[in-house]
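Down below is the structure, laid out as C-alpha cells.
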Amino acid sequence: MNTFCIPIKVTDEDALYDPFYPTGLSFSGELVAYLEDYIMDRKPGEGIMIELQAEQEPDIERFRNTYDKYIEKLIRRNKKEIHFSDFRAFASLILGAIFIMIGYTFADRFDTVTAEVISAVGSFAMWAAIALFIETIPTLRYKDRVLKCFSKAEIRYRILGEK
C-alpha cells in the first residue's frame, strides 16, 4: 500500500490552532484549508502520514486529539449530507412518479396543456432524482471512504535540520 505524506512545517506550534476556540482543540483556518486540499486529492486505498516539521518537539497528543475531532466532524457533516441527498433523491423520485401518473391518469379530464405540464413536472422531478443518484450521492460516498482513510492517519514529527 502506498503511503502519502502530508508535510506541515511548524515554526510556532500555536499557529496550528484556532486562538478563539475555548478549549484550544480546533485547527486554524489555514491548516484546515491545507488539509482539505490534501483530503480531496487522495485515493481511498492510500495510507496517510502527517509529518509535523518543527524546530522543537511539538505536542503530538494535542495535535492527534485535535486532528481526530476535526476528521470526526468532517465525517459527521458528510454523513448528514449523504442522508439529506438520499432523502431528496427518493422524494424527487416519488413526487415525479406521482405527477407523471396524475398527468396520464387524468389526461382525459384536464385539457391537453395541463396534462402535459403535470407530466413534464413529474419528468423533471424524476431527472433530478436520477442526477442525484448518478452524480451527487456516489461523490459523497467516495468522500466518506476517503475521510475514513484519513481518520487512520499516522502522525509523526521531525525536528527541522535533522535528517
Side-chain angles (χ1 to χ4, degrees), residues 1-97 121-163:
M1 173 177 22
N2 293 338
T3 300
F4 182 76
C5 181
I6 301 173
I8 300 174
K9 188 174 182 179
V10 179
T11 52
D12 179 20
E13 187 179 350
D14 289 333
L16 293 173
Y17 305 102
D18 185 355
F20 299 107
Y21 201 74
T23 62
L25 291 176
S26 180
F27 287 133
S28 69
E30 291 174 347
L31 182 56
V32 167
Y34 181 72
L35 288 173
E36 283 179 356
D37 283 344
Y38 277 102
I39 287 172
M40 295 306 117
D41 292 340
R42 296 304 113 220
K43 298 177 184 147
E46 281 185 315
I48 308 296
M49 179 182 57
I50 297 175
E51 182 179 76
L52 294 173
Q53 301 170 358
E55 294 174 0
Q56 54 188 337
E57 184 177 337
D59 184 356
I60 293 294
E61 188 65 31
R62 178 182 181 197
F63 187 86
R64 180 85 223 179
N65 289 339
T66 307
Y67 179 80
D68 288 343
K69 286 183 180 188
Y70 167 68
I71 293 296
E72 184 181 307
K73 180 173 73 173
L74 289 180
I75 289 172
R76 253 192 341 266
R77 193 177 290 163
N78 194 55
K79 289 270 188 215
K80 283 182 184 177
E81 203 169 334
I82 288 171
H83 292 307
F84 181 69
S85 293
D86 285 343
F87 173 76
R88 275 189 12 214
F90 284 118
S92 293
L93 193 65
I94 290 168
L95 284 174
V121 168
S123 296
F124 284 122
M126 296 282 274
W127 279 110
I130 290 169
L132 282 168
F133 282 125
I134 291 175
E135 295 175 0
T136 306
I137 293 172
T139 302
L140 291 172
R141 292 191 193 286
Y142 174 79
K143 183 178 176 183
D144 191 52
R145 288 193 308 270
V146 170
L147 288 171
K148 286 179 182 171
C149 288
F150 263 80
S151 70
K152 301 171 187 159
E154 175 188 348
I155 298 175
R156 69 177 188 186
Y157 71 92
R158 181 172 60 94
I159 303 298
L160 290 174
E162 291 182 2
K163 290 274 179 176

SB check Asp14 Arg62 (cutoff 4.0 Å)
yes

Salt-bridge contact Glu81-Arg77 (side-chain N to carboxylate O under 4.0 Å):
no

Can you name the closest pair of heavy atoms from [X] and [Y] and give their distance?
{"X": "Glu51", "Y": "Cys5", "result": "CB-SG, 3.8 Å"}
{"X": "Ser151", "Y": "Arg64", "result": "O-NH2, 3.3 Å"}
{"X": "Glu55", "Y": "Ile159", "result": "O-CG2, 3.7 Å"}
{"X": "Ile48", "Y": "Cys149", "result": "CG1-O, 4.2 Å"}
{"X": "Asp144", "Y": "Lys79", "result": "OD2-NZ, 3.1 Å"}
{"X": "Ala129", "Y": "Ala89", "result": "CB-O, 3.3 Å"}

Heavy-atom side-chain proximity of [X] to [Y] below 4.5 angstrom:
{"X": "Ile6", "Y": "Tyr34", "value": "yes"}
{"X": "Glu36", "Y": "Leu74", "value": "yes"}
{"X": "Ile50", "Y": "Glu154", "value": "no"}
{"X": "Arg88", "Y": "Phe84", "value": "yes"}
{"X": "Lys69", "Y": "Lys73", "value": "no"}

How long is the gap from [atom1] on [X] to [atom2] on [Y], to the nearest 0.5 Å?
{"X": "Ile71", "Y": "Lys152", "atom1": "CD1", "atom2": "NZ", "value": "12.5 Å"}
{"X": "Asp86", "Y": "Ile137", "atom1": "CG", "atom2": "CD1", "value": "4.5 Å"}
{"X": "Glu57", "Y": "Leu52", "atom1": "CD", "atom2": "CG", "value": "11.0 Å"}
{"X": "Ile155", "Y": "Glu61", "atom1": "CD1", "atom2": "CD", "value": "9.5 Å"}
{"X": "Tyr157", "Y": "Asp59", "atom1": "OH", "atom2": "CG", "value": "11.0 Å"}
{"X": "Leu93", "Y": "Leu132", "atom1": "CG", "atom2": "CG", "value": "10.5 Å"}

So among Thr139, Leu140, Ile134, which one has a side-chain contact (heavy atoms from CB on, under 4.5 Å) with Thr136?
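Of Thr139, Leu140, Ile134, side-chain contact (heavy atoms from CB on, under 4.5 Å) with Thr136 is met by Leu140 alone.
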
Among Asp18, Thr66, Leu16, which residue meets the side-chain contact (heavy atoms from CB on, under 4.5 Å) test with Leu31?
Leu16

Looking only at the aromatic ring of each residue, does the gap between the centers of Phe90 and Phe133 stay below 6.0 angstrom?
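Centroid separation for Phe133 and Phe90: below 6.0 Å.
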
Derivation of the side chain to side chain contact (heavy atoms under 4.5 Å, CB included) call for Leu35 and Phe150
CA-CA 10 Å; Leu35 288 173; Phe150 263 80; 5.5 Å; no

Tyr67 and Phe63 aromatic ring geometry - parallel, tilted or perpendicular at 30°/60° bounds
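Parallel: the ring planes of Phe63 and Tyr67 meet at under 30°.
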
For a side chain to side chain contact (heavy atoms under 4.5 Å, CB included) check, start with the C-alpha distance between Lys80 and Arg76, then their side-chain angles and the critical distance, and finish with the verdict.
CA-CA 6 Å; Lys80 283 182 184 177; Arg76 253 192 341 266; 5.7 Å; no

